[in-house]
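Structure first, then comments.
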Amino acid sequence: MLNGHEPGAGMFSKSASQQGRLPKFELTIQSGAMGVRQALEAFMSELSPLELEIEESSTVQLVLAEVINNIMEHAYPEGGAAGPIVIKCTGRDDGLHLHIQDEGSPMPGGQLPLGMSQSLNVGLCDLPEGGFGWFLIKDLAKDLKYRRIGQENHLHLRIAITAP
Amino acid sequence: MEMLAKTEGNIRIISVLDKRIDAPAAVLFKETMRNLTQNAPREVVLDLSEVVFIDSSGLGAIVAIMKTLSPDHRLTLAGLTPAVEKVFRLTRMDTVFRIFMTIEEALDAEWS
């Protein structure tokens, strides 16, 4: 599947595009707080040939940030052994297809969180400070699929963008 | 976390100079906000015009700060860039906060 690592590139390995205008690419990060920013920066720079509008690029970055944050906070327990997060991206006519896998704990109940919108019709002191992550992912991404395969979590999603 | 506080009249204006309020920054953002709002007047305006990215952790941190400041202070947001505005809109948090397009508009509203 992969054509080997580019020397010096470290986190990247790329393979030739089979379809779509964007070369298929893959990047791996080791979980760790600041790793998220570097991963997102690297990911977004891979998308630069698409010349996405701010609306679309912010959607892509937000979805990926929420997915990675969830893996780091929940799949890989705090203080425990950090593990890899592999992100594969394929550009197709209907958008970006992302496949994200990790070796952490499974999703509770073996399925995706509901990601319900939260009631804001409450007093100030009862306003929610969390739980927006999965709501945003489900709102912005399409075709979400989660599977536990062996000791790995596999998440697939599509982000509809209008590539030029 | 690089943030700048100044007081104009009865308003404490806090500008976030970092580009991101995200998961790695959320805890430090809350701490810095708490420090910069000590002995502040009632009106606190958070200037987000330099922030180009916020995630759910950053949003949660701003909600937490608003709750901490209440009821002695009122937190107003100003200068939301498109990606930041989008997160507030999608989560409908834009209905909870007082939000102004620019810091000037926020100050005008406070003074009038």
Side-chain angles (χ1 to χ4, degrees), chain A residues 29 31-41 43-44 52-76 78 85 113 115-141 159, chain B residues 1-2 18-31 33-34 42 44 48-77 80-99:
Chain A
I29 52 174
S31 65
M34 294 312 286
V36 191
R37 287 185 178 177
Q38 284 155 9
L40 289 174
E41 196 179 321
F43 188 89
M44 295 315 291
L52 297 178
E53 301 283 335
I54 181 82
E55 177 73 19
E56 291 180 331
S57 68
S58 65
T59 297
V60 174
Q61 189 170 177
L62 185 56
V63 169
L64 195 53
E66 297 298 344
V67 169
I68 296 173
N69 287 341
N70 272 299
I71 292 170
M72 289 186 178
E73 283 170 29
H74 302 295
Y76 291 123
E78 204 170 337
I85 301 172
M116 305 285 275
S117 77
Q118 308 203 49
S119 173
L120 304 181
N121 196 16
V122 295
L124 185 68
C125 57
D126 292 324
L127 278 176
E129 294 174 28
F132 304 112
W134 272 104
F135 169 76
L136 288 169
I137 295 168
K138 291 205 162 178
D139 198 58
L140 295 169
I159 302 174
Chain B
M1 187 107 197
E2 211 173 334
D18 284 9
K19 299 277 176 214
R20 305 171 76 87
I21 308 178
D22 54 8
V27 172
L28 204 51
F29 169 77
K30 279 193 277 191
E31 271 177 35
M33 274 299 281
R34 270 194 287 272
R42 177 171 161 71
V44 176
L48 295 172
S49 56
E50 293 294 318
V51 178
V52 296
F53 182 78
I54 188 170
D55 63 11
S56 63
S57 303
L59 177 70
I62 294 178
V63 174
I65 284 299
M66 180 175 68
K67 289 159 71 169
T68 307
L69 288 174
S70 168
D72 296 333
H73 305 276
R74 180 170 65 166
L75 181 66
T76 298
L77 310 181
L80 277 62
T81 59
V84 175
E85 187 274 334
K86 180 177 182 161
V87 172
F88 276 84
R89 177 166 38 85
L90 291 173
T91 56
R92 291 181 296 115
M93 275 293 168
D94 58 345
T95 63
V96 171
F97 284 88
R98 293 177 88 226
I99 300 179

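Chain letters run A, B, ... following the sequence lines, proteins first, then strands; residues in each count from 1.
Between atom CD1 of residue Ile54(B) and atom CG of residue Leu62(A) there is a gap of 9.5 Å, rounded to the nearest 0.5 Å. In this structure, CZ on Phe132(A) lies 11.5 Å from CG on Asp55(B), to the nearest 0.5 angstrom. Rounding to the nearest 0.5 angstrom, the gap separating the CZ atom in Phe53(B) from the CZ atom in Arg37(A) is 9.5 Å. The distance from the CD atom of Glu129(A) to the CD1 atom of Ile62(B) is 12.0 Å, given to the nearest 0.5 Å. Summarising the geometry, atom OG belonging to Ser56(B) is positioned 7.0 Å from atom CG belonging to Asn70(A); distances are rounded to the nearest 0.5 Å.
Of the two parts of Leu124(A), the backbone and the side chain both hold a non-hydrogen atom closer than 4.5 Å to a non-hydrogen atom of chain B. Contact annotation for Thr59(A): both backbone and side-chain heavy atoms come within less than 4.5 Å of a heavy atom of chain B. Using a 4.5 Å cut-off between heavy atoms, Glu55(A) touches chain B through backbone and side chain atoms alike. Neither the backbone nor the side chain of Thr81(B) comes within less than 4.5 Å of any heavy atom of chain A. Looking at Leu140(A), only its side chain comes within 4.5 Å of chain B, counting heavy atoms on both sides.
Note: Cys125(A) leads Ser117(A), Ala65(A), Gly131(A), Cys125(A) in heavy-atom pairs under 4.5 Å with chain B. Annotation: maximal heavy-atom pairing with chain B below 4.5 Å, among Asn69(A), Ile54(A), Leu127(A), occurs at Leu127(A).
Closest of all the heavy-atom pairs between Met93(B) and Pro128(A) is CE-O, 3.9 Å. Here the closest heavy-atom approach between residue Thr91(B) and residue Leu120(A) is recorded as O-CD1, 3.5 Å.
Crowding of Asp126(A) atom CG: a count of heavy atoms from other residues, nucleotides or ligands under 6.0 Å exceeding 12.
Side chain of Arg92(B) to backbone of Gln118(A): a donor-acceptor contact under 3.5 angstrom is found.
Within the 4.5 Å cutoff, no side-chain heavy atoms of Val36(A) are placed close to those of Asp22(B).
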